Visitor: 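Questions regarding the structure given below will be posed in turn.
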Amino acid sequence: MGSDREVILREEEIAARVSAMAGEISRALAGTSPVLIPLLKGGFVFAADLMRRLDLDVTVEFLGAASYGEETESSGEVRLTLDTSAPLAGKHVLLVEDIVDTGLTLAYIQKLIRSRSPASLSTAVLLDKKARRQVEVELTWTGFVIPDRFVFGYGLDGPGGACRNLRDVVALKDERLADG
Ligand code: IMP
């Protein structure tokens, strides 16, 4: 790993929290066969780890969202880049997202899913930058509340669009570099 980076959450710490969340989710959704929806791109690594720890029969659908704007700052204008392939009506939907910042992306996606009349909607988010929230969003399960820093790895996009494959969640030591 480059020495310009600092580890925010280690692989082992993430794995332990994901296991604990999976236990909570399995208990809460016991008796249902939820449709798990990783929100792409960032949510796929967390979703892959989480779903294999769930003691539930799940099906999987994908939703893709991107927000217009600067690389490190969401504009609030959300663009759907991929839609689900099966109807969600009457299904128990478990939405899985990597990080909530302003909340605008998740609020948009939750509204979209609700408009399709699921039996229930719950949301699992790995990272919450609580201090940055602009709109209220309902998070059913949260992995970690983190400070207002640009983080990447474990599925999250880094500076220049790389580093999603890192096992840890990291940040740049000098965050001014993230803009360049
Ligand atoms: P929000 O709409 O402001 O809540 O932003 C959510 C989206 O912005 C996430 O799905 C990520 O794609 C991206 N994002 C927000 N903060 C970070 C970060 O620190 N690193 C990488 N992506 C981020």
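For clarity, every value in this text was computed on a predicted model and none was experimentally measured. Positions are given from 1 along the sequence. First listed ligand is number 1; within each ligand, the first listed atom is number 1. Heavy-atom basis, side chains included; hydrogens, waters and symmetry copies ignored.
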Visitor: Enumerate the atoms of ligand 1 whose separation from the nearest heavy atom of Asp157 is less than 4.0 angstrom.
Guide: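 Near Asp157, the atoms of ligand 1 are 21 (C).
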Visitor: Could you tell me the separation between the NZ atom of Lys173 and the CZ atom of Arg5, rounded to the nearest 0.5 Å?
Guide: 11.0 Å
Visitor: For Leu156, which part has a heavy atom under 4.0 Å from ligand 1: side chain, backbone, both, or neither?
Guide: side chain
Visitor: Need the ligand 1 atom indices (1-based, order shown) with element for anything under 4.0 Å from a heavy-atom of Asp98.
Guide: 10 (O)
Visitor: Taking distance alone, no hydrogens or angles, what donor-acceptor pairs closer than 3.5 Å link side-chain atoms of residues 19-26 to residues at least two apart or in another chain?
Guide:
unit_1: Ser19; atom_1: OG; unit_2: Ala15; atom_2: O; d: 3.3
unit_1: Ser19; atom_1: OG; unit_2: Arg53; atom_2: NE; d: 3.4
unit_1: Ser26; atom_1: OG; unit_2: Ala22; atom_2: O; d: 2.7
unit_1: Ser26; atom_1: OG; unit_2: Asp55; atom_2: N; d: 2.9

Visitor: Within a strict 4.5 Å, meaning less than it, do heavy atoms of the Leu56 and Ser33 side chains meet?
Guide: no
Visitor: Report yes if Leu106 has an N/O atom closer than 3.5 Å to an N/O atom of ligand 1; otherwise report no.
Guide: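 No: no nitrogen or oxygen of Leu106 is under 3.5 Å from one in ligand 1.
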Visitor: Tell me which donor-acceptor pairs under 3.5 Å the side chains of residues 85-97 have, and how far apart each pair is, sequence neighbours excluded?
Guide:
unit_1: Ser85; atom_1: OG; unit_2: Glu61; atom_2: OE1; d: 3.0
unit_1: Ser85; atom_1: OG; unit_2: Glu61; atom_2: OE2; d: 3.3
unit_1: His92; atom_1: ND1; unit_2: Ser120; atom_2: OG; d: 2.7

Visitor: Ligand 1 versus Arg149, non-hydrogen atoms closer than 4.0 Å: side chain, backbone, both, neither?
Guide: backbone
Visitor: Salt bridge or not between Lys41 and Asp157? Use side-chain N to carboxylate O under 4.0 Å.
Guide: no
Visitor: Of Val78, Thr102, Leu40, which has the heavy atom at the shortest distance from atom 3 (O) of ligand 1?
Guide: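 Selected option, by shortest heavy-atom distance: Thr102.
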Visitor: Mind checking whether Phe150 has a heavy atom under 4.0 Å from ligand 1?
Guide: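 Yes, Phe150 has a heavy atom closer than 4.0 Å to ligand 1.
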Visitor: I'd like the name of whichever of Val137, Thr105, Ile146 reaches closest to atom 7 (C) of ligand 1 through any heavy atom.
Guide: Thr105
Visitor: Are the side chains of Leu80 and Ile109 in touch, meaning some heavy atoms are under 4.5 Å apart?
Guide: yes
Visitor: Does atom CZ (Arg10) have a neighbourhood of more than 12 heavy atoms from anything else shown, all under 6.0 Å?
Guide: no
Visitor: Lys129 heavy atoms, cut-off 4.0 Å: which ligand 1 atoms fall inside?
Guide: 16 (N), 17 (C), 18 (C), 19 (O)
Visitor: Which part of Arg132 is near ligand 1, with near meaning a heavy atom under 4.0 Å away: side chain, backbone, both or neither?
Guide: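 Under 4.0 Å from ligand 1, Arg132 contributes no heavy atoms.
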Visitor: Which option, Asp101, Ile99, Val125, Val169, owns the non-hydrogen atom nearest atom 13 (C) of ligand 1?
Guide: Ile99
Visitor: Measure the distances from the heavy atoms of Gly103 to every atom of ligand 1 and state whether one is below 4.0 angstrom.
Guide: yes
Visitor: Check Asp128 with Arg133, please: is the shortest side-chain N to carboxylate O separation under 4.0 Å?
Guide: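 Yes, this pair counts.
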Visitor: Examine ligand 1 and decide if any of its atoms is less than 4.0 Å from a heavy atom belonging to Glu97.
Guide: yes
Visitor: Regarding Asp98 and Tyr154, do their side chains bring together a donor and an acceptor under 3.5 Å, going by distance alone?
Guide: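 There is no such pair (donor and acceptor under 3.5 Å, judged by atom type) between the side chains of Asp98 and Tyr154.
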